[in-house]
Amino acid sequence: MVCIVILGRQGSGKGTQSTLIEQKYGCLHVSTGDMLRSAVSARSELGIKAEALMLSGQLISNEIAVGIVAERLQHEDAIKATGVLLDGFPRNLEQAEALEALLAAEGRSITLAVNLEVPVEVAVERLLARGRSDDTEESIARRLKDYEIQTMPLLQWFEQRNLLFSVDGLGVVEDVFYRVASVIDDALDVACQQAAAHNKQTKRQSRC
Ligand code: AMP
């Protein structure tokens, strides 16, 4: 199963590009932000716990974030899916390590991370224009700062594993998606070749 992670500061267009990736590649889109917003609307225990943190632009605990992703990946649709697209997760190194372990336990791994690059000023402009309830100036500033401190180190983490593909997130949606799809296609080609080589080797070994 393919596992794509989409990275980028808030306002980088992750949500829009995720929808297009989902449509083109038939991936299951797993967005921790969407799951948390649904929990808030449903007034579930999780939603009540997360609401104040989300409104003030703070991250929920790693334990909860990892827990909801782990649970989501156990659903039948996720098990059957040929690919999963993770959006908003991992947000920091601890979550990335947890994800790696979670996938490894199922014999899976991260296929690639697409990093949408958009300058801070553009991201702020887009967020203010979007006007979601947690898009106040104060909350935006906090989330963007968190991103620099907690999420930027993740870029290196993915790079060290040769999984990082950065894409210019400026321009019209279709142009950005063309770039995104190109890096995904390339990475999937490599993943297929590796899988084929691995199968060949396994066959060869089993024949010996
Ligand atoms: P997003 O839609 O990804 O911007 O997420 C909205 C809010 O949900 C964030 O500001 C956090 O409060 C919370 N959140 C989403 N994903 C995570 C995560 N992986 N770890 C911690 N908090 C998260």
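For reference, positions follow the sequence shown, starting with 1. Everything quoted here is computed from the prediction, not taken from an experiment. Side chains are part of it too, since the values below use all heavy atoms of this structure and drop only hydrogens, waters and symmetry mates.
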Revision key, fill the gap. Between the CG atom in L20 and the NZ atom in K24, the distance rounded to the nearest 0.5 Å is 10.5 Å
Study note, to complete from the structure: To the nearest 0.5 Å, atom CD of Q58 lies from atom CE of M54 at 12.0 Å
Review point. Side chains of E63 and S61: do they bring a donor and an acceptor to under 3.5 Å?
Key: no
Check your understanding: Step by step, would you call L55 with S139 a side-chain contact (heavy atoms from CB on, under 4.5 Å)?
Key -> CA-CA 7 Å; L55 280 174; S139 156; over 6 Å; no
Exercise for review: Could you list the residues that satisfy side-chain hydrogen bond (donor to acceptor under 3.5 Å, both in side chains) with D134, not counting sequence neighbours?
Suggested key: R132
Point to revise | Listed partners of E106 passing side-chain hydrogen bond (donor to acceptor under 3.5 Å, both in side chains), at least two apart | key: Q74
Practice item. Would you kindly confirm whether F89 and L7 end up in one hydrophobic cluster when ILVMFWY residues are joined by side chain heavy atoms under 4.5 Å apart? Key: yes
Check your understanding: Any link between I140 and L36 through a network of hydrophobic side chains (Ile, Leu, Val, Met, Phe, Trp, Tyr) touching at under 4.5 Å?
Key -> no
Check your understanding: Quick check: are there more than 12 heavy atoms from other residues, nucleotides or ligands sitting under 6.0 Å from CD of Q156?
Key -> no
Exercise for review: Sequence neighbours left out, what passes side-chain hydrogen bond (donor to acceptor under 3.5 Å, both in side chains) with D77? Give chain and number order.
Suggested key: R72
Let me have the donor-acceptor pairs involving side chains of residues 170-179, under 3.5 Å, with sequence neighbours excluded, atom names and distances please.
residue, atom, partner, partner atom, Å
R179, NH1, D168, O, 2.5
R179, NH1, L170, O, 3.1

Review point. Listed by chain and number, what are the salt bridge (Lys or Arg N to Asp or Glu O under 4.0 Å) partners of D135, not counting sequence neighbours?
Key: R130, R143
Practice item. Keeping the roles fixed (side chain from S44, backbone from V40), state whether a donor-acceptor pair exists under 3.5 Å. Key: no
Review point. Under the salt bridge (Lys or Arg N to Asp or Glu O under 4.0 Å) test, which residues partner E148, sequence neighbours left out?
Key: R9
Exercise for review: Would you give the length of the straight line joining atom CZ of R126 to atom CG of L128, rounded to the nearest 0.5 angstrom?
Suggested key: 13.0 Å
Revision key, fill the gap. Of all heavy-atom pairs linking I60 and A50, the shortest is CG2-CB, 3.8 Å
Exercise for review: Kindly indicate whether the side chain of H29, heavy atoms from C-beta on, has any atom under 4.5 Å from the side chain of S31.
Suggested key: yes
Exercise for review: Treat each ILVMFWY residue as a node, draw an edge where side-chain heavy atoms are under 4.5 Å apart, and state whether L163 and M152 are in one component.
Suggested key: yes
Point to revise | Qualifying residues under side-chain hydrogen bond (donor to acceptor under 3.5 Å, both in side chains), relative to R161, sequence neighbours excluded | key: E100
Review point. Are V2 and V183 connected in the hydrophobic side-chain network, where two residues link if heavy atoms are under 4.5 Å apart?
Key: yes
Review point. Got a sec, which residues hit salt bridge (Lys or Arg N to Asp or Glu O under 4.0 Å) with E22, two or more places apart in sequence or on another chain?
Key: none
Donor-acceptor pairs are to be reported for all side-chain atoms of residues 78-86 against protein atoms at under 3.5 Å, with residues two or more places apart or in another chain.
residue, atom, partner, partner atom, Å
K80, NZ, E76, OE2, 2.7

Exercise for review: Heavy atoms only: give me the nearest A65-Q95 pair and the separation to one decimal.
Suggested key: CB-NE2, 3.6 Å
Check your understanding: Could you give all pairs that pass the salt bridge (charged side-chain N to carboxylate O under 4.0 Å, His left out) test and reach residues 82-92, with sequence neighbours left out?
Key -> none
Practice item. Just do the side-chain contact (heavy atoms from CB on, under 4.5 Å) check on T151 and L154 with the steps written out, would you? Key: CA-CA 5 Å; T151 313; L154 270 188; 3.9 Å; yes
Review point. Among pairs that include at least one residue of residues 27-46, which meet salt bridge (charged side-chain N to carboxylate O under 4.0 Å, His left out), considering only residues two or more places apart or in two chains?
Key: D34-R37, R43-E51
Exercise for review: Check the hydrophobic clustering (I, L, V, M, F, W, Y; side-chain heavy atoms under 4.5 Å; chains of links allowed) and say if V180 and Y25 are grouped together.
Suggested key: yes
What side-chain donor-acceptor pairs closer than 3.5 Å can you find for residues 108-124, not counting sequence neighbours?
residue, atom, partner, partner atom, Å
T111, OG1, C3, N, 2.8
T111, OG1, C3, O, 3.4
N115, ND2, S166, OG, 3.1

Review point. How long is the span from the CD1 atom in I64 to the CD1 atom in I68, to the nearest 0.5 Å?
Key: 8.0 Å
**Study point:** Minimal non-hydrogen separation, A96 against P90, with atom names
**Key:** N-CB, 3.4 Å
Review point. Can you find a heavy atom in the side chain of I149 that is under 4.5 Å from one in the side chain of K145?
Key: yes
Review point. Should V30 and M35 count as side-chain neighbours, where that means a heavy-atom distance under 4.5 Å?
Key: yes
**Study point:** Spatial distance of atom CD1 (I4) from atom CD1 (I21) [nearest 0.5 Å]
**Key:** 6.0 Å
